[in-house]
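The next block holds one structure in the form of structure tokens; read it before the comments.
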Protein chains: 2
Amino acid sequence: MVRDDHAGSALAALAALLADETRAAMCLALLDGRAWTAGELARHAGVAPSTASEHLGRLVAGGLLAEERQGRHRYVRLADARTAQLVEDLAAHAGPPPAAPRTLAQAGAGSAMARARTCYDHLAGRLGILVTDALTRRGLLDQSNGFALTDEGVEWFTGLGVDLAAARTGRRPLARPCLDWTERRPHLAGVAGAALCGHALASGWCVRIGSGRALKLTARGRTALHTHLGIAPDALEAPTA
Amino acid sequence: MVRDDHAGSALAALAALLADETRAAMCLALLDGRAWTAGELARHAGVAPSTASEHLGRLVAGGLLAEERQGRHRYVRLADARTAQLVEDLAAHAGPPPAAPRTLAQAGAGSAMARARTCYDHLAGRLGILVTDALTRRGLLDQSNGFALTDEGVEWFTGLGVDLAAARTGRRPLARPCLDWTERRPHLAGVAGAALCGHALASGWCVRIGSGRALKLTARGRTALHTHLGIAPDALEAPTA
DNA sequence: CGGACGTTTCGGCGCACGCCGAAGTGTCGC
DNA sequence: GCGACACTTCGGCGTGCGCCGAAACGTCCG
């Protein structure tokens, strides 16, 4: 009882950090996995710099955000992958209501965000689904009895020049499903998801669009996805399967 | 921007439901997977019945809880497994601080809760870990590249008289890891975890202690765990490995 | 039918918190 | 050094919300 009492206040304190609309908007923005300055977040959330400063202080004190001071700037980012996953999960649980994206302008070609973007540190959007499905189709990822890379999958990463065993750090799972809120199906996250995204950016398969989390698939990326995963070059542009 | 704005308020609204200590305590209590009456929850949380009634109204309206009226009673339970997982995840993220359970009285034999309990609808506590480890050791559960049942694992369930394919409903994963806040390691949750827990209760492997979520392993359960998983009969009493 | 009981509705109280603008601190660049 | 700039601290204001007790509502049981 005493124990649960303590757990109750800890849970409430954690939830309270995300229970404010301004702080929630900040955390969602930080889901792109990058560090933002306090001022950028203030403008993004539409509040005065002083207000943003107080919010960031709370989020850092609560352990949700990590900060790094550089000169007159205060950079903040999500504390770690585990925290990012928590925000994702909450957003996914809260998100479902807008079930009908019926606007023709949006449904037609789809926005750049819907096509390809990062979700903290891995690929998401239609590109994320495309890659996840291709991995599954080729027997590199097993989704039938859970969500795990097969031995062939690990070798596939090695062939790409990515050493997953070395990338594995701490308790973070090698592969886990991440359900984001535009596509409704899970895509690859975890150590392998992060490694793949890092490799894709490093190898020029895709580049960031502007300052946001949206990505653009390059010509090199199109051929790479075709040779490594058998994904048709125009698959990303085609209507959602 | 507009879109993220909406996502922000949705996230904040969801988090606000758990941001109150009283509501948090209620949700944690409901993690035992059973339905409680409004009065029970009021007493458990230490607030007036009128206050509890308002809180429950919010939680139900927010979709976290499902209610069932029976005569003059109002029974509530967590809305679904997905919601339970969300509360679990938040509690696990909030919990870690109490890192040192050094009290001799607790560390020695351990409380009944620490030994065996339910976590929503699956086994948790030392028993949960014991079973998960045994499944892994026997090659029925693969944790090396993710968290998934092997084909042998599915057959093992069949041998137990549990048809996992039939139990599989909707999008709920067959096997997923659940990290609870007394043991620090993941144990089996998802459809398979729920089926195993259901089988254990139905077959008299364990019984509920009182009205809470604590479980007691029976003599029959001890032999069953030994024959089916090779778990030593006194393993549950031994100090944490 | 009437009393016991679980639950709900309604005021009313008080605190906690989010917001801002103004003023202060520290860093950068000329 | 001296402005420009990013951020922080500090009052002060308003609102939202959690709490309770009193009273109303429904159900159950004798």
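Protein chains get the first letters and strands the later ones, always in sequence-line order, with residue 1 at the start of each. Side-chain atoms are counted along with the backbone in the values below, which use heavy atoms only and exclude waters and symmetry mates.
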| note | Given protein heavy atoms under 4.0 Å, the one-letter contact record of nucleotides 8-19 of chain D, with B base, S sugar-phosphate only and - none, is simply BBB------SSS
| field | Set of residues satisfying side-chain contact (heavy atoms from CB on, under 4.5 Å) with respect to A:Ala19, sequence neighbours excluded | value | B:Ala15, B:Ala16, B:Ala19
| query | Can you give one letter per nucleotide of nucleotides 24-30 of chain C, going 5' to 3': B for a protein heavy atom under 4.0 Å from the base, S for sugar-phosphate only, - for none? | reply | ---BS--
| Who pairs with A:Ser53 by side-chain hydrogen bond (donor to acceptor under 3.5 Å, both in side chains), at least two apart in sequence or on another chain? | none
| said: Once side-chain hydrogen bond (donor to acceptor under 3.5 Å, both in side chains) is applied, do any residues pair with B:Arg23, and if so which ones, sequence neighbours excluded? | reply: B:His55
| request: Would you confirm whether A:Thr218, through its side chain, and A:Trp205, through its main-chain N or O, come within 3.5 Å as a donor-acceptor pair? | output: yes
| query | Who passes salt bridge (Lys or Arg N to Asp or Glu O under 4.0 Å) against B:Asp121, sequence neighbours left out? | reply | B:Arg172
| query | To the nearest 10 degrees, how far apart in direction are the end axes of the helix from C:dC1-D:dG30 to C:dC30-D:dG1, each fit to five base pairs? | reply | 30°
Side-chain polar contacts of residues 192-204 of chain B - donor-acceptor pairs under 3.5 angstrom, sequence neighbours left out - could you list them?
{"from": "B:His199", "atom 1": "NE2", "to": "B:Ser203", "atom 2": "OG", "distance (Å)": "3.4"}
{"from": "B:Ser203", "atom 1": "OG", "to": "B:His199", "atom 2": "O", "distance (Å)": "2.9"}

| request: May I have the distance from A:His73 (atom NE2) to D:dA4 (atom P), rounded to whole angstrom? | output: 17 Å
| query | With A:Arg77, which residues qualify under salt bridge (Lys or Arg N to Asp or Glu O under 4.0 Å), at least two apart? | reply | none
| Under the side-chain contact (heavy atoms from CB on, under 4.5 Å) test, which residues partner A:Ala48, sequence neighbours left out? | A:Ser50, A:Thr51
| task | Grab the CG-P distance between B:Leu59 and C:dT8 for me, whole Å please. | result | 13 Å
| field | Residue list, side-chain contact (heavy atoms from CB on, under 4.5 Å) with B:Arg176, at least two apart or on another chain | value | B:Gln85, B:Glu88, B:His122, B:Pro173, B:Cys178, B:Ala189
| Who pairs with B:Asp80 by side-chain hydrogen bond (donor to acceptor under 3.5 Å, both in side chains), at least two apart in sequence or on another chain? | B:Thr83
| note | Whole-Å distance, B:Tyr75 OH to C:dG6 C1', equals 11 Å
